[in-house]
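Only one structure is covered here, and it is reproduced in the block below.
This structure is a prediction, so every number in the text was calculated from the model and none was measured. Proteins get letters first, then strands, A, B, ... in listed order; numbering begins at 1 in each.
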Amino acid sequence: MSEQEQNINELIKIRREKLEELRTAGIDPFGQRFDRDTTAQAIQDNFNGLEGHTVKIAGRIMAKRRHGKAGFANLQDLSGNIQLYFRQDDLGEQKYDLFRKLDIGDILGITGEVFRTQKGEISIHVRDLVYLSKSLHPLPEKWHGLKDVELRYRQRYVDLIVNPEVKEVFIKRSRVIKEMRNYLDERGFLEVETPMMQPIAGGAVARPFITHHNALDMDLYLRIAPELYLKRLIVGGLEKVYEVNRSFRNEGISTRHNPEFTMMEVYQAYADYEVMMELTENMIATVVERVNGSMVVEIEGQSIDFTPPWQRISMLEAIEKYAGVNFAALKTDEEARAAACRLNMEVDDGATRGNLINEVFEEFVEQKLIQPTFVYGHPVEISPLAKRNTANPQFTDRFEVFIMQRELANAFSELNDPIDQKERFQKQVEKRAQGDGEAHMMDEDYINALEYGMPPAGGLGIGIDRLVMLITTSPSIRDVILFPTLRIKE
RNA sequence: GGGCCAUUAGCUCAGGUGGUAGAGCACCUGACUUUUAAUCAGGGUGUCGGAGGUUCGAAUCCUCCAUGGCUCACCA
């Protein structure tokens, strides 16, 4: 016997003994397939049609009230709850004894008649019960549920059993992704899958995880984004593609960051970032409306309205509005650094105008963006994969969506000039050589692809976890990821 | 990675200034054949996150460690 088994506590010991009693009585505590013909909620919803009829239902016992030779229990399945009524007169002593020994948490198959009690509770008058699974570990308390956030994340299965609202969050998450797929499928987009293990981690500015392939004796990176592979498909003529992608970034963990997270990336040939704006606001508004039944979401006392069209403001206009600096009038890096200094910001000697614009934006503007807002026109320095604006080549045809002070989406007209792209990679490689572990690596094959010719295209990435946080008003990303990344615990 | 906070029974939580651990739920025994936070009578089931230290004596004070939360940094 292992040390753990010796230390097993009294409650579990008692349940183990009950388990053996069942076996001694010839009952398999871990039963077989049970063909239900209805669910708890279906009975609640259709009582008039089912009253007096025999039903078969399965689920977990969540409460038990004994009254001598009769008693009640609450049975929970995915749909909801229903009360069970047990009577020794109807079941006989042997079967009634099963009810007497029942533990909260046990999973049963029930056969019985639908009726309503004197107090009006829709119930099942149990005629037969079979054990589908004996529960050996006591569940958390029925009133307060499971509060300990660490346990909720580590043992999500318990969280899901006892905290019904958690189930709702993850059902909604599933529906969000399904509705996004529907939206894109209806418009002729093709869902594709691209490598999660990549020899070069590209498509975003982030530190990757590294892994190793033994047979090839080769290091591989877990993808930080699928972007460069999806654009290879645009080169290949697939024209409209998307991928619901898990990506991985080896960076800090916070209420808004999990090392693995889910994005939706969409690419459309012959389109541009303005087409992507319309796609973004229409798709997200449609998804919110279908999942939540309204385009307005109440979060932290704020009323967020997803109804299109969303506000559009250029990055420079936004900075002028919220930081009072007109970068359009500042032509050199020196002038830009002086302006940033006047805002009491720390400024590196080598900081360029484009980098400073981004920093001022993050420092002064992001916190002001509550309602869904497109911020467009990012400096080329911070947008190594985006097409330059025709009128002003120091800026790109790019936008980000901000809601509740958070970036939710990022999109641009895709850079399809292989010579410009190679120069931009070159600049990133230099930053890398200077110790910037997040700068892009050179991707010669991607350049090769562009050299064959990529049509102008619009590309879009939406943070699914963050969108689900908004739709479910969850304060932490860990509340919308079933098994968030945690340290291993002894 | 930095700062602050938390960790006590299976779960939710109490335990001023140091005196040897408690409640509710759950569980066990008994009563009760339409209850629903069922009720009534009895029963406490614990390595007080871990390891050191101070002290006659530590859940309590000190140090280190572990895990988690918030936050800053980084990013989506």
Open item on the list: Just N and O in the side chain of A/Arg65: are any of them under 4.0 Å from OP1 or OP2 of B/rU35?
Closed with: no
Open item on the list: Measure CG/A/Leu139 against P/B/rC11 and give the value in whole Å, please.
Closed with: 11 Å
Task: Watson-Crick or G-U counterpart of B/rC48, or none if no pair lies under 3.5 Å - done: none
- [ ] In whole angstrom, give me the gap between the P atoms of B/rA59 and B/rU54.
- [x] 16 Å
Task: Worked verdict on A/Arg173 versus A/Thr262 for side chain to side chain donor-acceptor pair (under 3.5 Å) - done: CA-CA 11 Å; A/Arg173 180 180 174 118; A/Thr262 304; 3.2 Å; yes
Task: Near-parallel close stack of A/Phe72 and B/rA38 base (under 5.5 Å, under 30°) - done: no
TODO: Could you tell me whether A/Glu168 and A/Lys172 have a side-chain N and a carboxylate O separated by less than 4.0 Å?
DONE: no
Open item on the list: From NZ of A/Lys13 over to C1' of B/rA26, roughly how many Å is that when rounded to an integer?
Closed with: 17 Å
TODO: Respond yes when some side-chain nitrogen or oxygen of A/Arg406 is under 4.0 Å from OP1 or OP2 of B/rA76, and no when none is.
DONE: no
TODO: Pick base, sugar-phosphate or nothing for A/Leu11, based on heavy-atom distances below 4.0 Å to the nucleic acid.
DONE: base
Open item on the list: Students often get this wrong, so: under 4.0 angstrom with heavy atoms, is A/Lys119 touching a base, only sugar-phosphate, or nothing?
Closed with: base
- [ ] Flag this pair as yes if the NZ/CZ of A/Arg312 is under 6.0 angstrom from the six-membered ring centre of A/Phe374 and inside a 45 degree cone about the axis; otherwise no.
- [x] yes
Task: Cation-pi, A/Phe47 ring and A/Arg116 (6.0 angstrom, 45 degrees) - done: yes
- [ ] Would you tell me if any nitrogen or oxygen in the side chain of A/Lys142 comes within less than 4.0 Å of OP1 or OP2 on B/rA26?
- [x] yes
Open item on the list: Any base atoms under 4.0 Å from A/Lys101, or only sugar-phosphate, or nothing? Heavy atoms, all strands.
Closed with: nothing
Open item on the list: Measuring from the side chain of A/Glu150 (C-beta onward, heavy atoms only), which nucleotide among B/rU35, B/rG68, B/rU12 has the closest atom?
Closed with: B/rG68
TODO: Could you tell me whether A/Arg487 contacts a base, only the sugar-phosphate backbone, or nothing, with contacts defined as non-hydrogen atoms closer than 4.0 Å?
DONE: sugar-phosphate
Task: A/Phe402 six-ring face occupied by A/Lys368 cation (under 6.0 Å, within 45°) - done: no
TODO: Name the nucleic acid region contacted by A/Gly461, choosing base, sugar-phosphate or nothing; use a 4.0 angstrom heavy-atom cut-off, strictly under.
DONE: nothing
TODO: Describe, in one word, how the ring planes of A/His67 and A/Phe72 are oriented to each other, choosing from parallel (under 30°), tilted (30 to 60°) and perpendicular (over 60°).
DONE: perpendicular
TODO: Return the value, rounded to whole Å, for the distance between atom CG of A/Asn245 and atom P of B/rA76.
DONE: 14 Å
Open item on the list: From CZ of A/Phe86 over to P of B/rU34, roughly how many Å is that when rounded to an integer?
Closed with: 15 Å
TODO: Identify whether any heavy atom of A/Arg66 sits under 4.0 Å from a base atom; if not, whether one sits that close to sugar-phosphate; answer base, sugar-phosphate or nothing.
DONE: base
TODO: For B/rC70, take OP1 and OP2 only and decide whether either is under 4.0 Å from a side-chain N or O of A/Thr255.
DONE: no
Task: Nearest-Å distance once atom C1' is located in both B/rU20 and B/rC56 - done: 13 Å
- [ ] Considering only atom P, compute the distance from B/rA26 to B/rU12 and round it to an integer number of Å.
- [x] 15 Å
Open item on the list: Can you work out whether A/His137 or A/Gln88 has the more 5'-proximal nearest nucleotide on RNA chain B?
Closed with: A/His137
- [ ] May I ask you to say what A/Val205 touches in the nucleic acid, namely base, sugar-phosphate or nothing, with a heavy-atom cut-off under 4.0 Å?
- [x] sugar-phosphate
- [ ] Can you tell me, in whole Å, how much space there is between the P of B/rA23 and that of B/rA58?
- [x] 24 Å
TODO: Take A/Arg100 and A/Pro475, find for each the nucleotide of RNA chain B with the closest heavy atom, and name the residue whose nucleotide sits nearer the 5' end.
DONE: A/Arg100
Open item on the list: In whole Å, I'd like the distance from the CD atom of A/Glu113 to the C1' atom of B/rU34.
Closed with: 15 Å
Task: Paired nucleotide for B/rG1 [Watson-Crick or G-U wobble; both distances under 3.5 Å] - done: B/rC72
TODO: Taking only the side-chain heavy atoms of A/Pro138 (C-beta and beyond), determine which of B/rU34, B/rG68, B/rG10 contains the nearest atom.
DONE: B/rG10
Open item on the list: At 4.0 Å (heavy atoms only), tell me whether A/Asn81 reaches a base, stays on the sugar-phosphate, or touches nothing.
Closed with: nothing
Open item on the list: Heavy atoms only, 4.0 Å cut-off, all strands: where does A/Glu407 land among base, sugar-phosphate and nothing?
Closed with: sugar-phosphate
Task: Base B/rU33 to side chain A/Arg87, donor-acceptor N/O within 3.5 Å cut-off - done: yes
- [ ] Go ahead and name the base partner of B/rC40; Watson-Crick or wobble counts if both distances stay under 3.5 Å, otherwise write none.
- [x] B/rG30
Task: Watson-Crick or G-U wobble partner of B/rA66, both distances under 3.5 Å - done: B/rU7
Task: Spacing of A/Gln83 atom CD relative to B/rU33 atom P, expressed in whole Å - done: 17 Å
Task: Whole-Å distance separating the CZ atom of A/Arg152 from the P atom of B/rU12 - done: 11 Å
- [ ] Indicate, with a heavy-atom threshold strictly under 4.0 Å, whether A/Lys147 touches base, sugar-phosphate, or nothing.
- [x] sugar-phosphate
Open item on the list: Do A/Arg232 and A/Tyr229 form a cation-pi contact, if we require the NZ or CZ to be under 6.0 Å from the six-membered ring centre and within 45 degrees of the ring's axis?
Closed with: yes
Task: Inter-nucleotide C1' distance (B/rC27, B/rU34), Å rounded - done: 26 Å
TODO: May I ask you to say whether A/Arg246 pairs ionically with A/Glu260, meaning some side-chain N is under 4.0 Å from a carboxylate O?
DONE: yes
TODO: Would you mind classifying the nucleic acid contact of A/Arg116 as base, sugar-phosphate or nothing, using non-hydrogen atoms under 4.0 angstrom?
DONE: nothing
Open item on the list: Heavy atoms only, 4.0 Å cut-off, all strands: where does A/Leu408 land among base, sugar-phosphate and nothing?
Closed with: nothing
Open item on the list: Any side-chain N or O of A/Arg478 below 4.0 angstrom from OP1/OP2 of B/rG69?
Closed with: yes
- [ ] Please work out whether the ring planes of A/Tyr446 and A/Phe425 are parallel, tilted or perpendicular, with thresholds of 30° and 60°.
- [x] perpendicular
- [ ] To the nearest Å, give me how far apart CG (A/Asp103) and C1' (B/rC11) are.
- [x] 15 Å
Open item on the list: Please determine whether any donor N or O and acceptor N or O are separated by less than 3.5 Å between the side chain of A/Gln118 and the base of B/rU35.
Closed with: no
Open item on the list: What's A/Asp89 touching, base or sugar-phosphate or nothing? Going by heavy atoms closer than 4.0 Å.
Closed with: base
TODO: Take atom C1' in B/rC4 and the same atom in B/rA73, then report the distance between them in whole Å.
DONE: 15 Å
Task: Sugar-phosphate, base or nothing in reach of A/Ser247, heavy atoms under 4.0 Å - done: nothing
Task: C1' atoms of B/rU35 and B/rA31, separation to the nearest Å - done: 16 Å
Open item on the list: Quick check on B/rA76: is either OP1 or OP2 less than 4.0 Å from any side-chain nitrogen or oxygen of A/Arg246?
Closed with: no
Open item on the list: Any strand counts, and the cut-off is 3.5 Å on both contacts for Watson-Crick or G-U wobble. Which nucleotide pairs with B/rA58?
Closed with: none
TODO: Determine the Euclidean distance between corresponding C1' atoms of B/rG24 and B/rA9; express it in Å to zero decimal places.
DONE: 12 Å
